[in-house]
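Heads up, the thing below is written out as structure tokens.
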Amino acid sequence: MTSLEGRTALVTGGGSGIGRACALRLAAAGAHVVVADMNAESAAAVAAETGGVAVAVDLSDPGFPDAWADAVPDVSADIVVNNAGFQHVAPIEEFPPEIFAKILKVMVEAPFLIARAVLPGMYERGWGRFVNISSVHGLRASPYKSAYVTAKHALEGLSKVIALEGAPHGVTSNCVNPAYVRTPLVENQIAAQARTHGIGPDEVVERIMLAPAAIKRLVEPDEVAELVAYLCGPQGSFITGASIPLDGGWSAH
Ligand code: NAD
């Protein structure tokens, strides 16, 4: 559990759900964690739990790398977990263009800007790890999720380019592709779908969310964090440019 001693890990969206689980797991492996989240309160709470640092930052603001550098001037990330994200569900003809643009900013442009800021330091030190929290929606589409599916597919591309450019410098980059994980993001979707369809929350999970998966259960945030820690540890050093499904067989279809 101490293989990441001496490494600094930046976890975006680290205040909740999968990001929080990753922050805790990487801290347990010895990393110094920087929790970046637009929710200052939850970022501070997770930073306190991990003994790390909180940065309150909105990743949809393109000036965020400067705000981040001002908040933690000595930060040089060895590990980046690109995790911050959000969902909006609507048919394309009704999808608000400004929400489409914001989803791409937070889930694609911000990871690019972070890579741009931290890669020179990683190259200097000859070591770096990117774990991009993509989704089964980075590999498969679903209706009414045009921005999210587009953003996750784009993140897959960015991850592979980082893998190719970073390889000679000891930097790996991978995607993790979960199906539905039990987090606040999904709990909200369950509640919304239950209202829309006029059915109970359990039925939403069974009949709608788990329909495409072979294994009929939600994934737990800790299971995602475990895979992230594996990719960051010494065992993961030859895995790069990969996308690892954690989707209960969804993408086997
Ligand atoms: P969550 O809502 O629990 O947490 C997301 C965190 O990101 C929140 O703390 C939020 O404040 C932060 N965030 C959102 N927009 C931000 C912004 N502009 N700037 C800074 N921080 C911002 O969600 P989660 O379920 O833990 O999702 C985390 C990631 O995992 C997302 O990228 C999501 O697409 C992905 N994912 C989730 C699931 C799932 O079923 N929950 C499945 C596959 C992939």
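Read the numbers this way: they start at 1 and go in the same order the structure lists the ligands and their atoms.
Listed by chain and residue number, nothing satisfies the ring pair (Phe, Tyr, Trp, His ring centres under 6.0 Å) test with F100 (two or more places apart in sequence, or in another chain).
Under the 4.5 Å side-chain contact rule for hydrophobic residues, V161 and I114 do not share a cluster.
Members clustered with Y144: V89, by chain and number, using a 4.5 Å side-chain heavy-atom cutoff among hydrophobic residues. Under a 4.5 Å side-chain heavy-atom cut-off, the cluster of Ile, Leu, Val, Met, Phe, Trp and Tyr residues that includes L210 is completed by V136, Y180, L185, V186, I190, I199, V204, V205, I208, M209, L218, W250.
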* Taking it one step at a time, do Y148 and H88 satisfy ring pair (Phe, Tyr, Trp, His ring centres under 6.0 Å)? -> CA-CA 7 Å; Y148 189 89; H88 186 82; over 10 Å; no
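Between R25 and the choices E226, E220, E223, E49, the salt bridge (Lys or Arg N to Asp or Glu O under 4.0 Å) rule is met once, by E226.
Within 4.0 Å of ligand 1, contacts by protein heavy atoms are made from G13, S16, G17, I18, D37, M38, V57, D58, L59, S60, N83, A84, G85, V106, I133, S134, S135, Y148, K152, P178, A179, Y180, V181, T183, P184, L185, V186.
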